[in-house]
Amino acid sequence: MKFFIDTANIDDITEANALGILDGVTTNPSLMAKEGITGQQNILNHYIDICNIVDGPVSAEVIATDFEGMVSEGEHLSGLHKNIVVKVPMTLEGIKAIKHFSSKGIKTNCTLIFSAGQALIAAKAGASYVSPFLGRLDDISSNGLDLIAQIRLIYDNYAYDTEILAASVRHPMHIIHCAEIGSDVMTGPLKAIKALANHPLTTSGLEQFLADHAKGNS
Ligand code: E4P
């Protein structure tokens, strides 16, 4: 499973990239605003900065909601760097835009996926990735993992190339369950990625090894 980090924070992206297990980055307008990145040119420059850190797909979201606006914005974003993936919201206008981008060889990430039907039409339009929002479904007492399993089944039935990018990941167990289901990618915060390395028996075992080594070498 590929690991993307879901942030616009340069320090977190740099730290995750240094681990050597990072495959890409996803951002969204809220994450950009959280980092205080405002204004068209600053936002575009920030995407380029991210692309210069991570050698992998970097999702950059369009703000336009109409087909023409999405096409013009998306083509501009994709021209910024070879690794930019144009993030398009799941709407009918978005589906038309994804079909357009797909015919031009521009990669897309269809975002705000909350149902299998949405994932199905995004795949038919030629989306490179679909982003089911796992955590936001869990937040409303719906099962986000069940949705990912349903999309996996549908895509496997028809050998769709669209990759399932589990988004809105909140904690390490989300990541593990996504890997069990066969999600192609997960995108989550640095904290959830780093938490995968933790186990109290690893910590105590290492302390014991070091203490025993110190005793034998004192
Ligand atoms: C997906 O690409 C989104 O950026 C993201 O995963 C949303 O996560 P949230 O529900 O934690 O805001």
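Atoms within a ligand are numbered from 1 in the order they appear, just like the ligands themselves.
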Per atom 4 (O) of ligand 1, closest listed option by heavy atom (Ile113, Asn28, Thr7): Asn28
Considering only non-hydrogen protein atoms, determine which one is nearest to [atom] and report residue, atom name and distance to 0.1 Å.
atom	value
atom 11 (O) of ligand 1	Arg170 NE, 3.4 Å
atom 8 (O) of ligand 1	Ser168 CA, 3.4 Å
atom 7 (C) of ligand 1	Phe133 CE2, 3.6 Å
atom 2 (O) of ligand 1	Lys87 NZ, 2.7 Å
atom 5 (C) of ligand 1	Asp6 OD2, 2.8 Å

Are any of the side-chain nitrogens in [X] or [Y] under 4.0 Å away from the carboxylate oxygens of its partner?
X	Y	answer
Asp12	Lys191	no
Arg136	Asp139	no
Asp138	Arg170	no

Nearest atoms (heavy-atom pairs only) where Pro89 meets Met70: CG-CE, 3.9 Å
Report the relative orientation of the aromatic rings in His171 and His174; use parallel for angles under 30°, tilted for 30 to 60°, perpendicular for over 60°. parallel
If Ile, Leu, Val, Met, Phe, Trp and Tyr residues are connected whenever their side-chain heavy atoms lie under 4.5 Å apart, and connections chain through other members, are Phe133 and Phe3 in the same group? yes
Report, in ascending order of atom number, the atoms of ligand 1 lying under 4.0 Å from any heavy atom of Arg136. 7 (C), 9 (P), 10 (O), 12 (O)
